[in-house]
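One structure is given below, represented as structure tokens, and several questions about it will come after.
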Amino acid sequence: MADSTATTAKLPVVAPPPKPQPVQPVVELLSLTEAEAAARAARGESNAAPISTSRSYGRIIFQNTVSFINVLLYSIVVFLAALGLYSDAAMTAVLVVANVVVGTFQEIRAKRKLDQIALLTRPTATVIRDNKERTIDPSGVVKGDLLVLKPGDQVLVDGVVVQDSSLSVDESLLTGESDMVHKTMGSDVFSGSFCMTGSGIYRAEKVGVSSLANQMTGQARAYRNVMTPLQREIGFVIRVLVILMVALGAQVADTFRSLYQDVPLTESVRAAAVIVALVPQGLIFMVTVTYAMAAMRMSGKGALIQRMNAVESTSQIDVLCMDKTGTLTTNNLTLHAAHPLGRDEVELRRLLGLYAVATPTANRTIEALRASLNCDHRAPKLEIPFSSERKWSALVFTGEDVGTYVLGAPEMMQPSLELGDALHERIDVWTDEGLRVLLFGHYESVDAIDPEKPTLPGGMKPLGLIAFSDELRPEARTTIEGFRKAGIELKIISGDSPDTVAALARQAGFPQRLRVVSGSELDGLNDIEMRNIARETTVFGRISPTQKESLVKALRAEGRYVAMTGDGVNDVLALKQANLAIAMQSGSQVTRGVADVVLLADSFAALPAAFLEGQRILKGMQDIIRLFLVRTLYVSLIIFAVSRMGEEFPVTPKQNALLALATVGIPVLFLAAWARP
């Protein structure tokens with residue numbers, strides 16, 4: 001134990017690594033200057049294509065003003081005025097106009113707020129100009145620009161790869177196929193796809209409206225009024241009430257003929273105004289406005305709604321699957337300790353520094369090593385980038401320090417080497433403390449690993465164990481408690497060691513007794529077994545992206561309404577399968593692109609409040625619908641009973657408007673405000 005205490009001391013933080021080396025000659029040759037880019041933009045060769053992210057002001061006004069019921073009421077107002085019934089015409093007009101004005105005002109207000117916030121999640125482009133990387137808005141990309149691709153980045157324009165390092169992209173948004181596509185120099189890449197592994201540089205060939213994504217999805221990107229389940233139910237209710245209105249109108253007309261021998265125009269128009277107004281034409285717009293207002297309130301609490309249906313989905317969630325990284329923890333890794341094997345710690349730190357600085361496609365782990373270690377840059381002969389499936393990465397060096405160096409999860413590398421009981425004990429101690437443990441190994445051969453089919457052969461020599469600490473989010477415990485109050489079950493699905501994840505979960509407020517499952521235990525399970533283990537387990541560790549997807553599918557097959565949070569490319573498959581996809585703002589562009597909700601400022605604490613808000617909205621709308629239906633029912637029964645008795649029509653349009661204001665107009669405001677989750 002004394003030895004363990006000595007080795008777990010934090011390593012000193014030294015100077016940051018040197019700046020990246022100049023770009024390669026082929027990139028330097030193709031790189032535009034700022035002057036050339038400006039000239040091409042002036043010729044119209046830029047990526048400035050108009051993209052509608054929400055309904056236009058004109059469309060909002062039109063859809064709130066023109067509807068079947070509204071057109072009928074406008075016609076009745078004109079008839080009432082023509083007959084000299086000005087007070088009835090005025091009251092009917094006020095009822096319609098008030099509904100239109102309030103709905104339009106609230107939607108426009110929500111649109112402006114949400115459009116402003118949506119700019120925060122807009123992807124950025126990294127271009128190479130004057131042989132230097134710089135970040136710009138995607139609209140500033142011009143034809144011929146060189147753009148940098150890293151894991152999680154979106155391909156913003158159509159182009160051709162001019163430099164690659166084990167580059168693979170996901171083109172499922174364009175083709176519907178979920179398999180990754182390997183890209184090499186000269187391969188075409190298309191806007192709307194995402195870099196999943198490796199890295200590369202591509203030259204912009206088609207920009208703006210000529211790009212494939214704009215041609216395929218120009219109309220799809222515009223706002224589409226996709227009906228939510230609640231809106232579909234309301235639409236069904238309104239269709240039924242329209243049938244009721246027609247039947248009631250026929251009954252009233254028959255009564256008028258028996259009373260007056262000839263149907264009087266004035267009484268007919270008055271009766272029509274009352275009967276048509278029984279159809280609650282404002283309900284559908286009320287749902288739309290309520291969702292828009294709720295989305296605006298949620299944005300104020302740190303949750304940006306990217307799909308309006310997501311407001312309703314938040315009210316249905318009963319299980320939340322989340323990754324440890326970026327949710328329970330801040331994803332700010334720190335090199336905590338290093339334990340050398342077969343060499344001294346100074347040499348181990350030098351080799352780790354060499355590995356970190358030379359890695360072209362850096363991730364959080366590599367960045368943590370770079371922040372704590374220092375070494376001169378040396379370009380590797382070959383890189384095998386980190387893969388969420390393999391859980392390891394590798395670099396091949398020639399000359400000094402020749403050989404193949406591998407960094408990854410100990411249990412994924414163990415078949416290639418032997419770890420003694422003492423090392424297993426050290427790994428267990430670190431994982432029980434909630435630390436992330438990695439193994440650093442070495443092959444003397446530069447051809448030990450086939451880059452086309454990366455697997456680890458036997459004969460690896462272990463160089464050392466490395467532990468990283470990840471800070472627990474300060475709001476994690478209160479957030480977990482908030483989910484319990486909302487009645488939402490939590491499951492952690494992570495690529496880290498199950499013991500590490502379980503230790504952090506307990507620190508965050510999860511019960512001490514947790515069922516923990518490793519990804520290796522899921523291999524070979526049939527659908528029923530997968531559903532059982534997904535239902536009964538709380539913590540899943542060393543889970544691959546495809547296993548995450550399978551777990552979400554299994555939970556949905558159990559009838560659960562599943563939300564999934566993520567921040568990296570390894571979460572994309574699971575996010576696509578979830579009922580509600582939630583991404584961190586600092587996450588990769590691909591996760592933000594497929595997400596229904598984006599957590600602004602990575603505020604995981606915003607989720608319980610968002611779920612409760614969704615529940616409150618649904619409860620309020622259900623109460624409002626009941627009130628509308630009760631009011632329609634009692635007025636219809638009065639009219640039907642009076643007409644069957646052969647009496648005159650019981651109410652005028654003016655009286656009906658006042659009754660509507662008193663029974664549904666004012667009360668719905670309080671029902672919406674007082675609704676409880």
Side-chain angles (χ1 to χ4, degrees), residues 1-13 323-326 328-349 351-353 355-356 363-373 386 391-393 406-442 460-473 476 492 494-508 510 512 514 516-520 539-543:
M1 282 309 268
D3 180 50
S4 173
T5 305
T7 56
T8 55
K10 287 190 177 181
L11 298 177
V13 177
D323 195 355
K324 170 188 73 69
T325 306
L328 287 182
T329 61
T330 60
N331 205 15
N332 294 323
L333 293 181
T334 303
L335 181 59
H336 178 81
H339 177 70
L341 302 172
R343 63 193 61 222
D344 60 32
E345 187 172 338
V346 174
E347 177 65 7
L348 173 61
R349 292 178 62 192
L351 291 174
L352 282 170
Y355 189 94
N363 52 31
R364 299 282 185 179
T365 303
I366 296 299
E367 290 172 355
L369 288 173
R370 289 177 179 177
S372 298
L373 306 171
F386 176 82
K391 309 292 184 189
W392 55 265
S393 62
V406 185
L407 181 66
E411 57 265 46
M412 305 300 286
M413 298 166 61
Q414 186 171 349
S416 305
L417 48 82
E418 290 293 332
L419 294 178
D421 293 338
L423 291 183
H424 280 294
E425 182 179 348
R426 181 175 297 279
I427 292 173
D428 292 340
V429 169
W430 278 346
T431 53
D432 288 343
E433 295 175 4
L435 299 175
R436 176 185 293 182
V437 183
L438 297 181
L439 176 65
F440 192 42
H442 174 250
M460 181 191 299
K461 181 179 180 181
L463 299 178
L465 291 172
I466 309 101
F468 297 87
S469 62
D470 196 354
E471 180 184 0
L472 197 69
R473 286 185 178 274
I492 305 178
S494 176
D496 284 344
S497 163
D499 295 327
T500 298
V501 178
L504 285 169
R506 295 185 184 100
Q507 295 174 25
F510 279 77
Q512 290 299 308
L514 295 172
V516 181
V517 167
S518 174
S520 59
V539 173
F540 299 86
R542 291 295 182 224
I543 301 297

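All figures in this text were calculated on a predicted structure; none of them were measured in a lab.
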Run the side chain to side chain contact (heavy atoms under 4.5 Å, CB included) test against S497 and tell me which residues pass, sequence neighbours left out.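 E411, T431, D499, T500, R542.
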Can you see which heavy atom on A505 is nearest to which on I492, and at what distance?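 The answer is CB-CD1, 3.6 Å.
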Could you pull out the closest heavy-atom pair between A502 and V539, with the gap in Å?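 Of all heavy-atom pairs spanning A502 and V539, the closest is N-CG1, 4.1 Å.
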Side chain of K461, backbone of G342: donor and acceptor closer than 3.5 Å?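 Not a single qualifying donor-acceptor pair exists.
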What's the separation between atom NZ in K391 and atom CZ in F386, rounded to the nearest 0.5 Å?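 K391 atom NZ to F386 atom CZ measures 6.0 Å (nearest 0.5 Å).
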How long is the straight-line distance from CD of E347 back to CD of E345, given to the nearest 0.5 Å?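 That separation rounds to 12.0 Å.
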To the nearest 0.5 angstrom, please state how far the CD atom of Q512 sits from the CG atom of L514.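 Going from CD on Q512 over to CG on L514, the span is 7.5 Å.
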Supply the atom-to-atom distance I427 CD1 to L465 CG, rounded to the nearest 0.5 angstrom.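 Between atom CD1 of I427 and atom CG of L465 there are 5.0 Å.
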Taking side chain as C-beta onward, heavy atoms only, is H442 less than 4.5 Å from V406?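 No - every pair of side-chain heavy atoms lies 4.5 Å or more apart.
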Identify the two heavy atoms, one from Q507 and one from E433, that lie closest to each other, and give their separation to 0.1 Å.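 Shortest heavy-atom separation between Q507 and E433 comes out as NE2-O, 3.7 Å.
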Please evaluate residues D470 and R364 with respect to the criterion side chain to side chain contact (heavy atoms under 4.5 Å, CB included), reporting the C-alpha separation (whole Å), side-chain torsions for both, the decisive distance (0.1 Å), and the verdict. CA-CA 11 Å; D470 196 354; R364 299 282 185 179; over 6 Å; no
Work out which heavy atom in A467 is nearest to a heavy atom in L435; give both atom names and the distance.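 That closest heavy-atom pairing would be CB-CD1, 4.1 Å.
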Do T334 side-chain atoms and H336 backbone N/O form a donor-acceptor pair below 3.5 Å?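 The answer is no, because no donor-acceptor pair under 3.5 Å joins these two groups.
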On a heavy-atom basis, which atom in P340 and which in A338 lie closest, and how many Å separate them?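 Answer, listing the atom of P340 first, then A338: CD-O, 3.8 Å.
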R370 side chain vs A356 backbone, donor-acceptor pair below 3.5 Å: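 Side chain of R370 to backbone of A356: a pair is present.
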Approximate separation, where rounding is to 0.5 Å, of L333 CG and R436 CZ: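 Answer for the CG-CZ pair, L333 versus R436, is 4.5 Å.
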Run the side chain to side chain contact (heavy atoms under 4.5 Å, CB included) test against F440 and tell me which residues pass, sequence neighbours left out.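 Applying side chain to side chain contact (heavy atoms under 4.5 Å, CB included) to F440 gives L348, L351, L352, Y355, Y405, L407, L463, I466.
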For G464 versus L439, what's the shortest heavy-atom pair and its separation?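 Here G464 and L439 meet closest at O-CD1, 3.5 Å.
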Nearest 0.5 Å, what's the CG-CZ distance between L504 and F510?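 Reported value, rounded in 0.5 Å steps: 11.0 Å.
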